[in-house]
Amino acid sequence: YEIVTTALPMDNYSSTMKVEANGDTSCTVNWCSRFEPAGVLPEKIEDYIGIQLVAALQNLKALHE
């Protein structure tokens, strides 16, 4: 997916999510995001996005437990 317009300090955000079965009752989620920082230090927005992705994955896991 892509985020076209956002209030966050980033441009050209795109992300892919891939879910693979592990052969039992579990799966592995690979989530890759790319973006360009806009007006902030890269590590500031990278940290923020990382926290958001971890929270989203934790919520996804909780929904399926």
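- No donor-acceptor pair under 3.5 Å is formed between the side chain of Asn22 and the backbone N or O of Asp24.
- Annotation: the span from Ser26 atom OG to Lys61 atom NZ amounts to 10.0 Å, rounded to 0.5 Å.
- Ring-plane geometry between Trp31 and Tyr1 is classed as perpendicular, the angle between the planes exceeding 60 degrees on a 0 to 90 degree scale with a lower cut at 30.
- Linking Ile, Leu, Val, Met, Phe, Trp and Tyr whenever their side-chain heavy atoms come within less than 4.5 Å puts Leu60 and Val19 in one cluster.
- Rounding to the nearest 0.5 angstrom, the gap separating the CG atom in Asp11 from the CD1 atom in Ile3 is 11.5 Å.
- Within the 4.5 Å cutoff, side-chain heavy atoms of Val29 are placed close to those of Met17.
- Under the 4.5 Å side-chain criterion, counting only non-hydrogen atoms from C-beta, Tyr13 is not in contact with Leu8.
- The nearest pair of heavy atoms linking Pro37 to Pro42 is CG-CA, 3.7 Å.
- Contact check for Gln58 versus Val54: side-chain heavy atoms found under the 4.5 Å cut-off.
- Between the OG atom in Ser33 and the CG atom in Leu53 there is a gap of 4.5 Å [rounded to 0.5 Å].
- Taken to the nearest 0.5 Å, the NE2 atom of His64 stands 13.0 Å off from the OG1 atom of Thr25.
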